[in-house]
Amino acid sequence: MVLPRFNHEEIIETVPTTLNEALPMDPTLPLPYCFNPTTHSYRVPSDSNDSARTYPYDEFTLKLHSHESNSRSSALLFTQFHEFIDSELCHTILRCYTHLNKHLLTVFVYTQMSKIGILPDSSIFPAVLKSVAQLCRRDLGQSIHCCVIKMGFGSDIYSSTALVHMYCTCLLCGDARQLFDEMPERNAVSWNALITGYTHNRRFREAIDVFREMQAAGAEPGEVTTVGVLSACAHLGALNQGKWVHDYITRNRLRLNVFVGTALIDMYAKCGLVDEAEKVFWAMRVKNVYTWNVLISGYAMNGQGEAALQAFSRMVMENFRPDEVTFLGVLCACCHQGLVKEGRWHFLSMKEEFRLQPMIEHYSCMVDLLGRAGFLDEAQEVIRTMNMKPDPIIWRALLGACRIHGHTQLGEFAIRNLLELEPKNGENYVLLSNLYARDRNWVKVGQVREMMNRTGIHKVPGCSSIEIGSVVYEFVVSDITEPGGYEEVYKLLAVIKRQLEVAGYSADTNIVLYDLEEEEKEQTLIYHSEKLALAFGLLKTSSDTTLIIVKNLRICQDCHQFFKLISMIYRRKITVRDRHRFHHFSGGVCSCKDYW
DNA sequence: CTAGGGTTAG
């Protein structure tokens, strides 16, 4: 086939087309995944976790830069020279675009195909669906699903697997699961799509469940499977499960490639085992920026700031180019250690030397770093001079600093901004209440409490988990009146409390929300979820086991003190991963050196 | 000959 020659300048041009024109919905196909023409709506997602998303493009515009890919594959080809395109070339171009991450172009080519009389065959749907997934366009995905079925490719394993992946990426795991269950045949890749899909949707427990299901079904997990499962383990802090996967990799001689290695490092780092993470890191032959990033932020969250900074300079020495995520790790490390000078310096070098544009995340790190260290003016200066709108996280960082340093007035300013952005987030009211509680201003504390009651705003309950064997046990902060079945845990806590009191512990009741009688406050504190998990761990494991507890919120002052004493009196190593970082307790001290 | 992969502040 001979194609016409054309001028490169001419084809760099904008081709706008609206979505409805490009891909009209098919009202003749009443499938569950379809657009409903009578109600003008899409099927209501079956998962409660599926939040509504705004689509990135209402009307998409294609800027064609033909020199970036194959000149034959410019989209103008389709509008001007379509008589020269046969089905094979068209399919090749389309796959090419997907491969080059030019997802809008893939979709564009797909939409133009029918216009110029080329029918898709089953081999292009995987590529189209991959692009649609990348663009997060569930409407397009659903429409293409219709097309797949209509053309008789409904049981094609490649297209179906791509559909499972697409539904997961578009936050419709329920649909993905349904489709997966209806597939006439599945292979390891299909299972992987589902596992990584659940991980992508932060449904980590289900990801691990599917992994078990996969093995029960007799499919062989491969490298990709382990990457997805390890990521789930990392997020959950499920160390034993993660170790099991590591063993599986060794036993079955799976390759420790850069994906698997990075996932392993991240898993160990997020379970608090920095030594193991390091071992994997040094065993890896090929590394990339992801590998360095998980190592650096691993050090950072485990309170090894110096190690993080050393790793960073080594990374640069070995000619890896740091990216935005690298600097997030570096700044986070400085923040947790109170390394103000170093933090300022790296923030500057990120902009000047590495030419990276700070993101809001970097600014919030700086506000936290400066504010926590007491440089409240400088922290405010960062907020004033950054060229973006402060987000709730920034205000919370400032508020946190105000609480530490007792700047109630500035704190009130921060909370005003915060509540303007997030009036319904219970966490914010708790922070405000804590700010007043620090001043023992119970009148104001009561007002906040009353406001919460009136508006029906609730605090997210604290929840801690501990893994014993391969089972993860969860504990929710307890209502005193309803012990809820863990009698032995409560009994042990009472015993522990008496022992600790002998050692000089007294409950730090300052932070408790209400203006209760002192004794009642102590009761509230003793049932914090992390204490329940700790007592359970002490009961169920031998004394040489390090207890690893994962909490959904930040550990409170009182629990922190409590854990330090336990680590001394019971000679237990305890690791707590709270919402922000690790606390490694041993011999009565914490790795955070009480700076948190 | 098509499908599935790791990191991100507080």
Side-chain angles (χ1 to χ4, degrees), chain A residues 88 91-92 94-95 98-99 121-130 133 153 156-166 168-169 176 183 186-197 199-200 214 221-232 234-235 257-267 269-270 284 287-298 300-301 322-336 358-369 371-372 391-401 427 431 553-554 578-581 596:
Chain A
E88 198 190 327
H91 294 169
T92 307
L94 194 148
R95 273 195 292 268
T98 299
H99 187 73
D121 73 13
S122 72
S123 79
I124 64 143
F125 284 112
V128 179
L129 287 165
K130 185 179 182 172
F153 304 132
D156 173 55
I157 191 166
Y158 291 92
S159 301
S160 308
T161 302
L163 278 166
V164 169
H165 174 241
M166 182 278 295
C168 285
T169 313
M183 280 168 71
R186 302 167 194 131
N187 58 19
V189 181
S190 329
W191 284 100
N192 293 346
L194 196 61
I195 290 171
T196 54
T199 306
H200 177 90
M214 173 185 186
E223 279 100 358
V224 181
T225 323
T226 63
V227 171
V229 179
L230 285 170
S231 166
H235 284 282
N257 66 22
V258 66
F259 285 100
V260 176
T262 305
L264 268 174
I265 295 170
D266 187 46
M267 185 276 292
K270 288 213 171 76
M284 283 173 70
K287 301 174 181 110
N288 63 17
V289 60
Y290 279 78
T291 320
W292 285 98
N293 288 354
V294 296
L295 184 75
I296 291 169
S297 45
M301 65 190 152
D323 65 5
E324 287 85 353
V325 179
T326 317
F327 278 98
L328 229 41
V330 168
L331 295 178
C332 175
C334 296
C335 184
H336 290 331
M359 307 183 299
I360 192 116
E361 287 89 340
H362 298 97
Y363 288 115
S364 87
C365 243
M366 288 308 288
V367 171
D368 193 30
L369 166 77
R372 199 183 288 274
D391 67 358
I393 293 158
I394 298 232
W395 292 122
R396 267 197 291 275
L398 187 67
L399 180 59
E427 195 189 333
L431 289 172
L553 306 172
R554 297 200 67 179
D578 76 8
R579 195 165 177 188
H580 294 158
R581 58 170 302 161
W596 53 285

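Letters A, B, ... mirror the listed sequences (proteins, then strands); counts begin at 1. In this text, all values refer to a predicted model and were calculated from it rather than measured experimentally.
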- Side chain of A:Ser231 only, please: which of B:dT2, B:dT7, B:dA9 is the nearest? B:dT7
- Message: From CZ of A:Arg554 over to P of B:dA9, roughly how many Å is that when rounded to an integer?
- Response: 13 Å
- Message: To the closest 0.5 Å, what do you measure between CD1 (A:Ile393) and CG (A:Leu399)?
- Response: 13.5 Å
- Message: With the six-membered base ring of B:dG6 as reference, does the ring of A:Phe259 sit under 5.5 Å away with planes under 30° apart?
- Response: no
- Among B:dG10, B:dG5, B:dA3, which nucleotide sits nearest the side chain of A:Thr196? B:dG5
- Can you tell me if the side-chain N/O atoms of A:His165 get under 4.0 Å from OP1 or OP2 in B:dG5? yes
- Query: Under 4.0 Å: is that the gap between some side-chain N or O of A:His99 and OP1 or OP2 of B:dC1?
  - Reply: no
- Item | Side-chain heavy atoms of A:Asn187 within contact of A:Ser190, under 4.5 Å | yes
- Query: A:Asp266 CG to B:dT8 C1': how many Å, rounded?
  - Reply: 11 Å
- Message: By the 4.0 Å heavy-atom rule, please label A:Val189 as base, sugar-phosphate, or nothing.
- Response: base
- Checking B:dT8, B:dG10, B:dT7 against the side chain of A:Leu328 (C-beta onward), the nearest is B:dT8
- Query: Taking the side chain of A:Val325 as its heavy atoms from C-beta onward, which of B:dT7, B:dT2, B:dG5 lies nearest to it?
  - Reply: B:dT7
- Message: Ignoring hydrogens and geometry beyond distance, is the side chain of A:Asn288 in donor-acceptor contact with the base of B:dG6 at under 3.5 Å?
- Response: yes
- Message: I want to verify a distance call: between B:dA9, B:dT7, B:dG5, whose nearest atom is closest to the A:Ser364 side chain?
- Response: B:dA9
- Check whether any side-chain heavy atom of A:Cys168 lies under 4.5 Å from a side-chain heavy atom of A:Thr196, and answer yes or no. no
- Item | Side chain of A:Glu223 - closest among B:dT7, B:dG5, B:dG10 | B:dG5
- Message: Please report the distance, rounded to the nearest Å, between CG in A:Leu163 and P in B:dT2.
- Response: 17 Å
- Side chain to side chain, A:Met284 and A:Leu264, heavy atoms closer than 4.5 Å: no
- Item | Minimum-distance nucleotide to A:Thr161 side chain [options: B:dG6, B:dA3, B:dT2] | B:dA3
- Query: Looking across every strand, which nucleic acid part, if any, lies under 4.0 Å from A:Asp578 by heavy atom: base, sugar-phosphate, or nothing?
  - Reply: nothing
- Task: To the nearest 0.5 angstrom, please state how far the OH atom of A:Tyr158 sits from the CZ atom of A:Phe153.
- Result: 14.5 Å
- Heavy-atom side-chain contact between A:Met366 and A:Leu369 under 4.5 Å: yes
- Query: Rounded to the Å, how far apart are A:Leu194 CG and B:dA3 P?
  - Reply: 18 Å
- Task: Check every atom of B:dG6, B:dT8, B:dG5 against the side chain of A:Val224 and return the nucleotide holding the closest atom.
- Result: B:dG5
- Message: Is A:Lys270 close enough to B:dT8 that one of its side-chain N or O atoms is under 4.0 Å from OP1 or OP2 there?
- Response: yes
- Message: Considering every strand and a 4.0 Å limit on heavy-atom distances, what is the contact class for A:Val258: base, sugar-phosphate, or nothing?
- Response: base
- Query: Across the strands shown, which category fits A:His91 at heavy-atom distances under 4.0 angstrom: base, sugar-phosphate, nothing?
  - Reply: nothing
- Check the distance between B:dT7's P and A:Met359's CE and give it to me in whole angstrom. 15 Å
- Classify the nucleic acid contact of A:Asn257 as base, sugar-phosphate or nothing, counting any heavy atom under 4.0 Å across all strands shown. base
- Query: What nucleotide, of B:dG6, B:dA9, B:dA3, holds the atom closest to the side chain of A:Ile157?
  - Reply: B:dA3
- Are side-chain N/O atoms of A:Arg95 and A:Ser123 paired as donor and acceptor at under 3.5 Å? yes
- Does the side-chain ring of A:Tyr290 sit on the six-membered ring of the B:dG6 base, less than 5.5 Å centre to centre and under 30° in tilt? yes
- Atom NE2 of A:His336 and atom P of B:dA9: how far apart are they, to the nearest Å? 8 Å
- Give the nucleotide from the list B:dG10, B:dA9, B:dG5 with an atom nearest to the side chain of A:Val260. B:dG5
- Message: Check this one for me: any side-chain N or O of A:Thr291 less than 4.0 Å away from OP1 or OP2 of B:dG6?
- Response: no
- Message: Tell me the interatomic distance from A:Leu94, atom CG, to B:dC1, atom P, rounded to whole angstroms.
- Response: 18 Å
- Item | Integer-rounded Å distance: B:dT7 C1' and A:Asn293 CG | 6 Å
